[in-house]
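Have a look at the structure below, then the notes.
Heavy-atom basis, side chains included; hydrogens, waters and symmetry copies ignored. Here, residue 1 is the first one in the sequence, and each next residue gets the next number. Here the structure is a predicted model, which is why all the values come from computation and not from measurement.
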Amino acid sequence: MKRLVIVSNRVPVPKEGLRPGGLAVVLKDLLARQGGMWFGWNGTCHPDAAHLPPEHQQAEGVEYATIGLTPAEHRNYYTGFSNSTLWPLMHSLPEHIHFERRELETYWSVNQRFCENLLPLLRPDDIIWIHDYHLLPLPALLRRNGVRQPIGFFLHTPFPAPDMLATAPDGGTFLRDLLKADLLGFQTADDTANFIFAATRTAGAVPDGEDTLVFEGRTVRVGTFPVEIDPQAFARTAAAAADSQDLKRLSGSLAGRKLIFGVDRMDPTKGLDHRLAGYERMLETYPERERQVTFLQIAAESRTEVASYKALRRKLEHQIGKLNAHRGQADWTPLRFLTRGSPRPTVAGYMRLADIGYITPLRDGMNLVAKEFIAAQDPENPGVLILSRLAGAAKQLDAALLVNPLDHDGMADALEQALAMSAPEKRERWQACWNAIANRTALGWGLSFLKLLESTARK
């Protein structure tokens, strides 16, 4: 079996554990099965990081090779260009894009350092799989340095429409760099189509069938690979958590009220401000629901150095205070909002307890939390999933109540529909969603990508 080399911006070194959702959970089973090396940033910052060799660690048959960043690299490459320019660009939120040329220059230099540190660690029979928007130049940098091993690239965010992509500094260069990979993977068919259109219109690639491009004499495959969870394992985790003290305390505090539950990072793409506004609109439109419901939203802080994230935190604090002060009563707080993360089993238990999963991102490549909510439910008494139609997961979970995340009245009506829904309809909708994910796994997702990558590279 060929060695798999995964390259990502952040490497979840074993001592950190795994958080709910995200790249680490998705890839864990794949590396545990196949073995190999995970290369990337270890999360540390040090003034001399640019001159230090990679650190190596072994755990469960996997080698972790990691480098640090300097404070300036973290500020310009990570907080700056990656998360202040590319992240909102990929999610088609131009109002949140911030760009400075020095940040772009650092982005290029950090990708070059990733390349320089990775090259000596590669073996002739490796399969290289690069992940996400932090590392768009890396396929081309590796090729320029003589790498001939198969290279795959997977984008976990949406891929924007070409007109939106045109706002990106060096957007055409990034397209050409990505086309140096053998296989490019995206979350949805729309993302794949957007890339193909941009690559042909802007980068000069030539279509050769519906999923193949020819660029500079090379064949590049393009495919749709929706990221999956391990639904059976998550269902067991949620069922086991039902008897935990955390769940008993939460259940007791509800005093018989129905629980609306959301969990996200605190991020402008997640639509948290609109989600709260939709909930408040529901209380206004359906006043009989006062004291009948409690909304628990977990929104762990992230990227606290990014200006748009700071602004979101301030806006949410104002909304939360106003909503609870205006709507709350002595023995009822309409909204409980937590900015601390919670352990994965606890979150699974909260999902199982919830009557409604309220997940309404403005845009999302996939949204594994939506799939986890479905997996967490008791089949005999499932909760109802309210999901943004702009999340990639909506393509699979179309039996959920799909909403426009900017339509506060629509979200209010969906909340009321979920609260009033009959038990048979809940079970029917849940069963349809469960059928869409029950036989899929993160391991299967990874293996399907690697199988196509190997077959493409042999041609």
Side-chain angles (χ1 to χ4, degrees), residues 235 238-239 241-264 271-272 274-299 319-320 323-324 326-338 342 346-360 369-370 372-388 397 399-403 405 408-431 433-434:
D243 293 327
S244 69
Q245 289 302 312
D246 285 338
L247 267 292
K248 289 177 180 177
R249 283 194 295 268
L250 175 58
S251 180
S253 73
L254 294 174
R257 298 183 178 97
K258 291 183 180 294
L259 176 63
I260 301 169
F261 180 65
V263 56
D264 304 270
L272 290 167
H274 294 285
R275 189 178 313 174
L276 268 57
Y279 174 63
E280 185 167 21
R281 185 68 52 84
M282 186 272 290
L283 296 175
E284 293 172 356
T285 308
Y286 305 96
E288 66 275 14
R289 293 300 182 185
E290 287 196 358
R291 301 177 58 83
Q292 294 184 8
V293 296
T294 294
F295 178 18
L296 170 60
Q297 173 68 54
I298 298 175
Q319 275 186 282
I320 295 162
L323 190 158
N324 282 334
H326 181 62
R327 295 282 171 188
Q329 299 173 24
D331 60 344
W332 176 58
T333 302
L335 172 64
R336 304 178 187 181
F337 196 96
L338 307 180
S342 297
T346 300
V347 171
Y350 289 167
M351 290 177 174
R352 190 175 181 89
L353 180 64
D355 297 276
I356 297 172
Y358 193 24
I359 303 168
T360 57
V369 171
E372 289 173 340
F373 180 84
I374 293 300
Q377 298 310 298
D378 176 356
E380 298 303 316
N381 185 30
V384 180
L385 175 61
I386 297 175
L387 178 61
S388 166
L397 307 179
L401 297 181
L402 301 183
V403 297
H408 302 164
D409 289 307
M411 287 190 283
D413 290 342
L415 286 166
E416 172 59 22
Q417 182 181 350
L419 290 167
M421 189 176 294
S422 68
E425 184 179 354
K426 289 180 184 179
R427 288 191 290 268
E428 182 180 354
R429 286 180 177 273
W430 173 82
Q431 189 67 57
C433 289
W434 173 249

What pairs with Arg429 under side-chain hydrogen bond (donor to acceptor under 3.5 Å, both in side chains), at least two apart in sequence or on another chain?
Glu425
Could you state the interatomic distance from CE (Met411) to CZ (Arg275), rounded to the nearest 0.5 Å?
8.5 Å
Expected output: side-chain Trp430 to main-chain Ala399 donor-acceptor under 3.5 Å:
no
Please name the pair of heavy atoms, one in Arg352 and one in Ala238, separated by the smallest distance, quoted to 0.1 Å.
CD-O, 3.5 Å
Working note: Val369 + Asp264, criterion side-chain contact (heavy atoms from CB on, under 4.5 Å); need CA distance, chi angles, decisive distance, verdict.
CA-CA 8 Å; Val369 171; Asp264 304 270; 5.8 Å; no
Heavy-atom side-chain proximity of Leu247 to Tyr350 below 4.5 angstrom
yes
Could you pull out the closest heavy-atom pair between Ala241 and Gly349, with the gap in Å?
CB-CA, 3.8 Å
Is there side-chain contact between Ile356 and Val293, with at least one heavy-atom pair below 4.5 Å?
no
So CG of Leu415 and CD1 of Ile260: to nearest 0.5 Å the spacing works out to 5.0 Å
How close do Ala299 and Phe337 get, counting heavy atoms only, and between which atoms?
CB-CZ, 3.6 Å
Answer yes or no: is there a side-chain heavy-atom contact under 4.5 Å between Tyr286 and Asp413?
yes
Glu380 atom CD, over 12 foreign heavy atoms within 6.0 Å:
no
The ring pair (Phe, Tyr, Trp, His ring centres under 6.0 Å) partners of Phe295 (sequence neighbours excluded) come to Tyr279, Tyr358
Which value, rounded to the nearest 0.5 Å, describes the distance between Met351 atom CE and Leu385 atom CG?
9.5 Å
So Leu419 and Met282, do their side chains get closer than 4.5 Å, heavy atoms only?
yes
Is Asp409 reaching over with its side chain to a backbone N or O of Arg281, donor-acceptor style, under 3.5 angstrom?
no
On a heavy-atom basis, which atom in Phe373 and which in Gly357 lie closest, and how many Å separate them?
CZ-N, 3.2 Å
Look up atom SG in Cys433 and atom CG in Leu387, then write down how far apart they are to the nearest 0.5 Å.
8.5 Å
Test item: Asn324 and Pro334 side chains (from C-beta on) under 4.5 Å apart, heavy atoms
yes
Over all heavy atoms of both residues, which pair between Arg327 and Leu283 is shortest? Give the atoms and the distance, please.
NH1-O, 4.0 Å
Drop me the distance from Asp378's CG to Leu353's CG, to the nearest 0.5 angstrom.
11.0 Å
If you look at every heavy atom in Leu397 and Leu402, which pair is closest and at what distance?
O-CD2, 3.9 Å
Are Trp434 and Gln377 side-chain neighbours, meaning at least one heavy-atom pair lies under 4.5 Å?
no
Mind running side-chain contact (heavy atoms from CB on, under 4.5 Å) on Met421 and Leu401 for me, showing each step along the way?
CA-CA 11 Å; Met421 189 176 294; Leu401 297 181; 4.1 Å; yes
Go through the structure and list residues passing side-chain hydrogen bond (donor to acceptor under 3.5 Å, both in side chains) with Gln292, not counting sequence neighbours.
Arg289
Between CZ of Arg257 and OG1 of Thr294, what distance do you get to the nearest 0.5 Å?
5.5 Å
Salt-bridge criterion met for Asp331 and Arg291 (N-O under 4.0 Å):
yes
Answer whether the closest heavy-atom distance between the side chains of Val403 and His274 falls below 4.5 Å.
no
Are Leu272 and Gln319 packed together at the side-chain level, in the sense that at least one heavy-atom pair is separated by less than 4.5 angstrom?
no
